[in-house]
Structure formats: C-alpha cells, structure tokens
Amino acid sequence: MKIDYTSYKDVDLVGKKILMRVDINSNIDLEKMEIRDSPRIRALVTALNDNFKNSAVIILAHQSRPGNDDFIDLDIHAKEIEKYLKRPVKFVKDIYGEQAVQAIKDLKVGETLVLNNVRKFEGEMKSYEDFTEAENTDMVKTLFPLVDYVIVDAFGAAHRAHASIVGWPKMMAGPITDRELNTLKKIMEAPERPMAMLIGGAKAIDKFKAMKYNFENEKLDFALCSGLTAILIFEALGTKMGETNHKIIEKDLESNKEMIRETYSKYRDKIILPKDLIIEEDGNRKIIGIDEAEAYNTTTGDIGPKSVEAFNEILMKCKTIIANGPPGIFEKEVFRKSTNEIVNTMVAATKKNNALTIIGGGEMGAAASMAGKADEVSFISTAGGEMLEILSGKDLPMIKALREKKV
Ligand code: 3PG
Ligand code: MG
C-alpha cells in the first residue's frame, strides 16, 4: 500500500468550509438511545479542537448498515460530539437535499454541522471499483461544489469503496488517518513476532477473510477466535451450535463453508478456538462445553474460563497483539467478564513484555473504555475490520482514492 496523499496540513484551512467524511460508527444503547463511550467520537473531537477551530466544518458519516437495529439517524452523534466539544453542533436530518444544502450555505466559520447517516442515501453503499462512477452520484455532485475542501478521514471505513469514501473529485487526508497510519506503519513494515490477533464480535466472515489473508501473507502467528467468527468456524467444521447461533451466521456459512474448512485445515495450529462458552441462566453465567451448545440452543454470549486461560497463555508470549472485536457481548453485564480479562491480559503484555498492543473497532474500544483500561494499552485505533487488512499491506480504497485525487 503506497501512502501518498495531500494532508490537511498541506493547505490553509483558516476561514474555509470543509466537508469531513469521518467514521463515528458507534456502539448504541438502543433502550436509552445513547452512544456507549465511543473512542471514534473522542478521536474526532480531538481532531476538531486541534485543527479546525477556524473553519466551518460539515461532518458526513454513517451508523451501522441498512436493516440493522442500530441503523439510526445521526442526531445523537451530533449531541455526543457537542458534549465533548463544548460548543453547539448543528444537525440536519438530510444528506444532500434542500435542507442540507441550505444549512451548508448558512454555516459560518467556527461552526460544526452534522449531516444525516450517509448510508440512508441508496447510492452510497455500492463498491465503486471505478471511482469516477462514484463522482457522478447525486450526493457527490451536490455537496462537492458547496465546500472549499473535502477531507476523507474515515479511517475505520477505509476498506469500503463507498461513494462518500472514494467519490470526491479532489480529497485530502485528515488528522485521524495521519495518526493511525503513523502508528500502524510499524506493524505493516516490520511487526515484532510472534503476532496474535484476537478476533471476536460480529461481522464474522469479513474478519475470517482478513485473517486468512494475513496467514497467506505470513504476517500472523496466531488468530484467537471468539464471538461469531468462532461460531462460524465450528459450524463449518460440522459442530452444531444450536439454532439461535446458527441463524445469525447461516448466510455467511452457506456461501463460504468450503473456503472456511480449507483455510482451517491449512492453519489449524494457528487458529485457536474457544474451549468453553457462557450462556445466561437465571441471570447468571453458566459455563458450557462446545458440544453442549446445540442442546442449550441459546445465545453463547461469552467465552468460558478455559478459553480465557488458553488465550492468555498465547497472548503473554506475543510481542504484537491486535484485538478486533470483543470475545463476549460485553454490553450485557452477564457476558462481560472474559472481555475484561482479555483486556487486562493485553495491559499486562504491554507492561511486562513491552508488547505493542492495539485495540481496534468500535466495540472493543468501547469495552476497553468501560473497563477503564483505554490508556493502558499501546494504542486504541478507530479502525475495525480494515486494520486487519492494513497489516498485510492491502491497498485500501480510501488510501488509493486519496493518492489518486490529491488536491
Ligand atoms: C466499522 O465499524 O467497522 C466501520 O464503521 C465500517 O463499518 P461497515 O463494516 O459496516 O462498513
Ligand atoms: Mg464495527
């Protein structure tokens, strides 16, 4: 991946109107309609305070994907930004319609405006191999002429060739991307080995493919799998995990079963699967064996103590640890324990072994913050899935577009 872009530092931003495409996709408490502590929002606020106080800033971002429960408007994101920024943040429930256009025209230097969830524009989520096709979407054609500069700083979504990521005729990188690449460069170029990756949470097949890519490129020594990725692998190997679990990964499984089996058999010594799981029984944690999951037929929301022990043993031997996705559904108290223990192990590896420890993704970052450990690992990245791809030096669409569309 060749890193060669115009940076926000290369131009004078004072008095300018700037559209910033960022990644503030966050973990949402849907009952309270609140954002759970979001490292991505905090990174954005720091970036705004440090660099854009004398500009008019329009924020363009997404939350989740169409069809998901947390595919919501960005009004609560605007509120959360306001809370940390400590100055008013405007929001319009519009992306590039009349209301948005007017709000952008009216925006003054020193003000911040958040547009609505960009994935509500149906042209957004295609994978635009041809960047000029993305340039011709109504959204890009409407918004681009309204601003002086576009900064694409959605580092956590750099692997998506979506219209708002690759579609601007001219674009620059922002402070989040600069900072992330400076830290991750070390891992891209010469990571200290052994290197382990913790793979948990959702988006099972994306993470599985990224893991495979890293094994094929000989970048990775261990993949410690939990969450939906582990369930996907178990099921592909023929272990039934119960209908409740099965339903969630069914689609990924059908179209990838052979590939998963082949990959597993090739790297079986390096792919570490859970040895036990946790289910909720009368509000308490109940440890079950992998072979019991089918009979219980309920959400296996965390990994059990034997799994944590096995994971910890490997982690304490590693010099580089990348965590992407929590091992448990940490939002629920009953499924939180193992995520906290793994975060503690990462802290111990940082302190005792001088390991480089990186936590990525909206969920795992929130988990570390909730455990009060965010400052005790080497780096909290705003990157999720694509961090796994960066490791192998894959040319990410956002980085490619930044290179090809320099200001
Ligand atoms: C993330 O949370 O990983 C990024 O915001 C990208 O989200 P996506 O996988 O839905 O594109
Ligand atoms: Mg995510």
Side-chain angles (χ1 to χ4, degrees), residues 5-9 13 16-28 35 37-53 55-65 72-85 89-92 95-96 100 104 107 111-121 124-125 139-140 143-144 147-168 171-181 360-362 365-366 380-387 396-399 401-402:
Y5 49 63
T6 308
S7 158
Y8 71 103
K9 286 187 218 141
L13 298 168
K16 297 290 189 309
K17 201 167 270 187
I18 296 156
L19 179 75
M20 273 181 96
R21 169 52 163 121
V22 294
D23 183 1
I24 46 173
N25 188 18
S26 301
N27 190 281
I28 311 283
I35 294 183
D37 192 9
S38 169
R40 286 174 170 163
I41 289 189
R42 275 189 280 111
L44 171 64
V45 169
T46 305
L48 290 174
N49 271 333
D50 291 352
N51 309 284
F52 301 102
K53 276 194 173 146
S55 312
V57 180
I58 301 117
I59 306 277
L60 183 65
H62 71 274
Q63 170 63 40
S64 194
R65 302 176 184 176
I72 55 173
D73 290 338
L74 296 194
D75 49 342
I76 62 169
H77 298 67
K79 283 218 186 72
E80 190 76 2
I81 296 170
E82 188 172 84
K83 185 172 103 192
Y84 291 111
L85 203 57
V89 171
K90 299 180 173 172
F91 168 75
V92 278
I95 305 161
Y96 66 95
I104 294 171
L107 197 72
E111 293 182 336
T112 312
L113 167 71
V114 176
L115 300 177
N116 206 9
N117 192 340
V118 66
R119 290 185 174 174
K120 297 206 167 182
F121 161 52
E124 165 69 1
M125 283 189 76
M139 176 184 69
V140 171
L143 295 181
F144 190 68
V147 297
D148 295 302
Y149 294 113
V150 173
I151 292 183
V152 178
D153 208 14
F155 193 70
H159 54 324
R160 304 284 176 220
H162 293 171
S164 66
I165 311 261
V166 301
W168 311 100
M171 50 195 258
M172 319 189 274
I176 296 170
T177 301
D178 258 4
R179 176 168 168 262
E180 294 269 2
L181 286 176
I380 300 269
S381 173
T382 59
E386 77 294 358
M387 189 170 58
L396 300 170
M398 183 185 94
I399 307 290
L402 284 167

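Values below: all heavy atoms of this structure, side chains included; hydrogens, waters and symmetry mates excluded. Everything quoted here is computed from the prediction, not taken from an experiment.
- Taken from OH in Y84 to CG in N49, the straight-line distance is 13.0 Å, to the nearest 0.5 Å.
- Just one of L60, L74, I72 meets the side-chain contact (heavy atoms from CB on, under 4.5 Å) condition when paired with N117; it is L74.
- Considering CG of N51 and CE of M20, their distance stands at 8.0 Å, rounded to 0.5 Å.
- Within the 4.5 Å cutoff, the side chain of Y5 has heavy atoms near those of the L181 side chain.
- Across every non-hydrogen atom of F91 and A78, the tightest pair is CB-CB, 3.9 Å.
- Applying the side chain to side chain donor-acceptor pair (under 3.5 Å) rule to S55 yields no partners; only residues at least two apart in sequence or on another chain are considered.
- Under a 3.5 Å cut-off, the side chain of D148 and the backbone N or O of I18 do not form any donor-acceptor pair.
- Classified by interplanar angle (parallel below 30°, tilted 30° to 60°, perpendicular above 60°), the ring pair F121/Y96 is perpendicular.
- Of all the heavy atoms in I95 and N116, the pair that sits closest is CG1-O, 3.6 Å.
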List the steps and the verdict of side-chain contact (heavy atoms from CB on, under 4.5 Å) for I24 and E80. CA-CA 10 Å; I24 46 173; E80 190 76 2; over 6 Å; no
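- A distance of 11.0 Å separates CG in L19 from CE in M171, rounded to the nearest 0.5 Å.
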Does the pair V89 and I59 meet the rule for a side-chain contact (heavy atoms from CB on, under 4.5 Å), with working shown? CA-CA 10 Å; V89 171; I59 306 277; over 6 Å; no
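- With sequence neighbours excluded, the residues that form a side chain to side chain donor-acceptor pair (under 3.5 Å) with S26 are S38.
- Shortest non-hydrogen contact noted between P39 and I380 is CB-CG2, 3.9 Å.
- Two residues are said to be in side-chain contact when any heavy atoms from C-beta on lie closer than 4.5 Å; I28 and I35 meet this criterion.
- Counting only distance, with no hydrogens or angles, the side chain of N25 and the backbone of S64 share a donor-acceptor pair below 3.5 Å.
- The two residues A47 and I176 have their closest heavy-atom pair at CB-CG1, 4.2 Å.
- Between the CE atom in M125 and the NE2 atom in H62 there is a gap of 8.0 Å [rounded to 0.5 Å].
- A donor-acceptor pair under 3.5 Å is absent between the side-chain atoms of D23 and the main chain of F155, judged by distance alone.
- By the 4.5 Å heavy-atom criterion applied to side chains, M139 and L115 are not counted as neighbours.
- With sequence neighbours left out, E82 forms a salt bridge (Lys or Arg N to Asp or Glu O under 4.0 Å) with no residue at all.
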Any chance you could lay out the side-chain contact (heavy atoms from CB on, under 4.5 Å) test for F52 and T112, step after step, and finish with the verdict? CA-CA 10 Å; F52 301 102; T112 312; over 6 Å; no
Would you sort out whether I81 and V45 count as a side-chain contact (heavy atoms from CB on, under 4.5 Å), showing the intermediate values? CA-CA 7 Å; I81 296 170; V45 169; 4.0 Å; yes
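- Smallest separation of non-hydrogen atoms from I151 and A173: CG2-C, 3.9 Å.
- Although no hydrogens or angles enter the test, the distance criterion places a donor-acceptor pair under 3.5 Å between the side chain of E124 and the main chain of S164.
- Every salt bridge (Lys or Arg N to Asp or Glu O under 4.0 Å) that K120 has, sequence neighbours left out, goes to D73.
- A donor-acceptor pair under 3.5 Å is absent between the side-chain atoms of K90 and the main chain of E111, judged by distance alone.
- Under the side chain to side chain donor-acceptor pair (under 3.5 Å) criterion, K9 pairs with D178, sequence neighbours left out.
- One distance of note links CG of D153 with CZ of R21; it measures 11.0 Å at 0.5 Å rounding.
- Residues that satisfy the salt bridge (Lys or Arg N to Asp or Glu O under 4.0 Å) test with E180, not counting sequence neighbours, are absent from this structure.
- To the nearest 0.5 Å, the span separating NZ on K83 from CZ on R42 amounts to 9.5 Å.
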